Amino acid sequence: MENHQSWRLRFSFRNATIVVCLFNLAAVFLLIQGFLGGSGRKTSEDVLAHRRYIMEAEGLRRAMEPLELIKRVREIKEEAYTDPETSEQENVPRKTAAVDLSKRLQDFRILNDANSKKALEEWRKRKMERARQREMEKI
């Protein structure tokens, strides 16, 4: 009996929790050492290789820039800011076309309103006639 109780005291939940916590702490220390310890051991060759890699990446990035497109966009922006007189002259036909279009739309609306009123009156008359016929049939 005493062997069974002593075994029970050694492997309680409290002791198991302490063992698991110690294991977790050891794992955390190993991970921290791996992250921080590895970065401190760089040699000069590693540093030079890393610098070469960065320089190559920067050169590739610069080579991929669309320089001609950027120049053309700047030229277009400068043209837009330097020629307000020509833009006003171009807007005059646009304004007259817009005024003409708005007048045509107003005329169309007026004609459409007149036609719709006429159609509405005809519909009302037919409806009244049908209602009268129904009343006559009932009598």
Side-chain angles (χ1 to χ4, degrees):
M1 273 306 220
E2 282 183 34
N3 287 339
H4 185 26
Q5 286 179 352
S6 64
W7 178 78
R8 225 172 168 197
L9 290 175
R10 278 189 242 157
F11 293 109
S12 66
F13 287 113
R14 179 179 173 202
N15 290 339
T17 304
I18 292 172
V19 168
V20 169
C21 288
L22 289 175
F23 178 74
N24 286 340
L25 285 174
V28 167
F29 286 130
L30 288 174
L31 288 172
I32 290 174
Q33 181 184 7
F35 285 126
L36 298 179
S39 63
R41 298 183 208 161
K42 287 187 177 178
T43 63
S44 61
E45 292 176 8
D46 292 338
V47 173
L48 289 175
H50 187 65
R51 284 185 186 166
R52 268 187 265 128
Y53 176 77
I54 290 174
M55 295 299 285
E56 287 176 12
E58 186 69 22
L60 288 173
R61 186 188 64 80
R62 286 186 182 154
M64 292 177 63
E65 286 182 354
L67 296 176
E68 294 177 17
L69 180 63
I70 292 171
K71 288 178 185 177
R72 183 65 184 135
V73 168
R74 286 181 186 157
E75 290 173 2
I76 292 172
K77 284 182 181 178
E78 289 174 4
E79 289 174 4
Y81 290 122
T82 57
D83 294 335
E85 299 158 0
T86 58
S87 64
E88 288 177 12
Q89 293 172 357
E90 292 174 1
N91 285 339
V92 171
R94 288 183 185 170
K95 287 181 182 178
T96 57
V99 169
D100 183 43
L101 182 61
S102 68
K103 286 180 183 178
R104 288 173 54 194
L105 283 173
Q106 287 175 353
D107 294 341
F108 181 72
R109 285 184 191 146
I110 291 170
L111 289 174
N112 198 13
D113 287 341
N115 290 337
S116 63
K117 285 180 183 178
K118 187 177 179 182
L120 182 63
E121 287 297 323
E122 290 177 12
W123 176 80
R124 284 182 185 164
K125 287 179 184 177
R126 284 192 309 242
K127 189 172 182 181
M128 292 299 289
E129 287 176 17
R130 289 180 192 153
R132 285 182 196 148
Q133 287 177 356
R134 279 189 226 127
E135 285 181 23
M136 294 297 278
E137 290 174 2
K138 286 182 183 178
I139 295 179

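Everything quoted here is computed from the prediction, not taken from an experiment.
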When you look at [atom1] of [X], are more than 12 heavy atoms from neighbouring residues, nucleotides or ligands closer to it than 6.0 Å?
{"X": "Glu58", "atom1": "CD", "value": "yes"}
{"X": "Glu68", "atom1": "CD", "value": "no"}
{"X": "Arg62", "atom1": "CZ", "value": "no"}

Can you check salt bridge (charged side-chain N to carboxylate O under 4.0 Å, His left out) on Arg61 and Glu65, steps first, answer last?
CA-CA 7 Å; Arg61 186 188 64 80; Glu65 286 182 354; 3.1 Å; yes
Looking at residues at least two apart in the chain, or sitting in another chain, which of them share a side-chain hydrogen bond (donor to acceptor under 3.5 Å, both in side chains) with Glu75?
Arg72
Residue pairs involving residues 124-139 (criterion salt bridge (Lys or Arg N to Asp or Glu O under 4.0 Å); sequence neighbours excluded)
Glu121-Arg124
How long is the straight-line distance from CG of Leu25 back to CG of Leu30, given to the nearest 0.5 Å?
11.0 Å
Which distance, rounded to the nearest 0.5 Å, do you find between the CG of Asp46 and the CZ of Arg51?
12.0 Å
Joint cluster assignment, Leu31 & Phe23, ILVMFWY side-chain distance < 4.5 Å
no
Each residue besides Ile54 in its hydrophobic cluster should be listed here, by chain and number; the cluster joins Ile, Leu, Val, Met, Phe, Trp and Tyr at side-chain heavy-atom distances under 4.5 Å.
none
Would you check if Trp123 and Leu120 make a side-chain contact, meaning some heavy-atom pair closer than 4.5 Å?
yes
